[in-house]
Amino acid sequence: YVTFVGRTGAHNAIERIGGFAEGAGDAFQQLDSMGDDFDTSRARENVRNALLNHADKLTTLVGIWSYNAPAIVDVVKETGTRDKMTIVTFDAEPIAIEEMGNGMIDAMVVQNPYQMGYQCVRLLKALVEGNQSTLDDMLPNFGHGDDGDLYDTGLKVIVPNADSPLSVDLFGEHTEFLQLDEFKEWLNRYGLTGS
């Protein structure tokens, strides 16, 4: 697989790329990680180069930042290589959601912007009001180790619709597995167009 990202040295890029590698396991080999410095033309060129440079081994394209999904899809359409590639992306831009519906993306890992906003305000309100009960509820280990100041708002793994319900129990308690239509319903519930 090859990963595509704005900056390979950015902290969130390093974590996402590392998480993908750990999740994929030893059955997958990272062939390259290509940065584009936020240039969407370069993002597309990186996909073209990866397809050329690793034509004999490449089977999976991984878009790490939101705009990498459209770049990957555009080039895969242009080169006619969809049947040879698995496409996994992070974030769910409206274009990526549409392209998953068109059969061009196999999986998306998305954050929960609604909970990010809601829980942030909940935490700030508790800090301003000195509400120790809410602080203890949200951050029970605050001041007690490396993860004491983290509040997990969860992730969603989105896959295309299937004819029958899918049951996946591969993820931890903070990760939800949804088919595309279920994800769209969730977005509509909160008035969101993407995640």
Side-chain angles (χ1 to χ4, degrees), residues 3-24 33 35-40 43 62-72 88-101 105 107-159 161 166-195:
T3 59
F4 304 93
V5 68
R7 292 214 172 103
T8 57
H11 185 68
N12 68 338
I14 292 167
E15 287 186 340
R16 287 179 178 196
I17 292 167
F20 182 84
E22 184 178 331
S33 186
D36 55 53
D37 289 321
F38 310 106
D39 181 335
T40 55
V62 184
I64 300 298
W65 285 357
S66 65
Y67 64 85
N68 293 121
I72 291 168
V88 179
T89 64
F90 284 77
D91 304 321
E93 283 195 1
I95 292 171
I97 295 167
E98 180 181 336
E99 291 298 353
M100 178 177 271
I105 296 176
M108 288 187 287
V109 178
V110 301
Q111 298 174 343
N112 190 334
Y114 179 86
Q115 283 298 318
M116 290 172 151
Y118 179 85
Q119 297 301 342
C120 179
V121 171
R122 181 177 170 221
L123 178 62
L124 290 172
K125 182 176 186 253
L127 287 167
V128 168
E129 294 176 350
N131 182 337
Q132 193 60 44
S133 174
T134 298
L135 293 172
D136 290 344
D137 177 52
M138 293 184 75
L139 303 171
N141 298 314
F142 185 70
H144 304 287
D146 293 338
D147 292 335
D149 61 348
L150 297 177
Y151 186 89
D152 192 337
T153 56
L155 292 173
K156 297 179 185 322
V157 176
I158 314 304
V159 296
N161 296 322
L166 301 175
S167 176
V168 175
D169 192 20
L170 300 173
F171 310 111
E173 66 178 291
H174 295 287
T175 304
E176 188 177 4
F177 184 83
L178 299 170
Q179 291 185 39
L180 182 58
D181 281 347
E182 294 170 318
F183 178 61
K184 287 179 178 179
E185 288 173 17
W186 179 83
L187 288 171
N188 288 335
R189 190 171 343 146
Y190 294 104
L192 301 171
T193 59
S195 176

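Among residues two or more places apart in sequence or in another chain, the salt bridge (Lys or Arg N to Asp or Glu O under 4.0 Å) test is passed with D36 by none. Under the ring-ring contact (aromatic ring centres under 6.0 Å, His included) criterion, Y190 pairs with Y114, W186, sequence neighbours left out. For D37, the side chain to side chain donor-acceptor pair (under 3.5 Å) partners are R7, R42, not counting sequence neighbours. Judged as a side chain to side chain donor-acceptor pair (under 3.5 Å), and not counting sequence neighbours, the contacts of S66 are E93. Listed by chain and residue number, nothing satisfies the side chain to side chain donor-acceptor pair (under 3.5 Å) test with E182 (two or more places apart in sequence, or in another chain).
No side-chain heavy atom of Y67 sits less than 4.5 Å from a side-chain heavy atom of I95. In this structure the side chain of L155 reaches within 4.5 angstrom of the side chain of Q111, judged on heavy atoms. A heavy-atom distance below 4.5 Å is found between the side chains of I17 and I64.
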Run the side chain to side chain contact (heavy atoms under 4.5 Å, CB included) test on V157 and M108 for me, step by step, so that the C-alpha distance in whole Å, both residues' side-chain angles and the decisive distance to 0.1 Å come before the verdict. CA-CA 6 Å; V157 176; M108 288 187 287; over 6 Å; no

Could you give me the CA-CA distance, side-chain angles and deciding distance for F4 and W65, then say whether ring-ring contact (aromatic ring centres under 6.0 Å, His included) is met? CA-CA 8 Å; F4 304 93; W65 285 357; over 10 Å; no

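Put simply, OH on Y118 and CG on L123 are 12.5 Å apart, with the number rounded to the nearest 0.5 Å. To the nearest 0.5 angstrom, K156 atom NZ is 5.0 Å from N112 atom CG. To the nearest 0.5 Å, atom NE2 of residue H11 and atom CD of residue E15 are 3.5 Å apart. The line from NZ of K184 to CG of L178 is 13.0 Å long, rounded to the nearest 0.5 Å. Rounded to the nearest 0.5 Å, atoms CD (Q115) and SG (C120) are 12.0 Å apart.
Here the closest non-hydrogen pair linking V5 and A13 is CG2-CB, 3.5 Å. Counting all heavy atoms, side chain and backbone alike, F90 lies closest to V62 at CE1-CG1, 4.3 Å. Heavy atoms only, all atoms of each residue included: I97 and L187 are closest at CD1-CD1, 3.6 Å. Minimum interatomic distance between A107 and V159 (heavy atoms only, all atoms of both residues): CB-CG1, 4.5 Å. For the residue pair I158 and M100, the shortest heavy atom distance occurs at O-CE, 3.3 Å. I105 and T89 get closest at one heavy-atom pair: CG2-OG1, 3.9 Å.
Applying the salt bridge (Lys or Arg N to Asp or Glu O under 4.0 Å) definition to pairs two or more places apart or across chains, those involving residues 127-137 are R122-D137, K125-E129.
Panel note: side chain N161, backbone D181; a donor-acceptor pair is recorded below 3.5 Å.
Within 6.0 Å of atom CD in Q132, more than 12 heavy atoms from other residues, nucleotides or ligands are found, so the atom counts as buried in its surroundings.
Side-chain atoms of S33 and T3 include a donor-acceptor pair closer than 3.5 Å.
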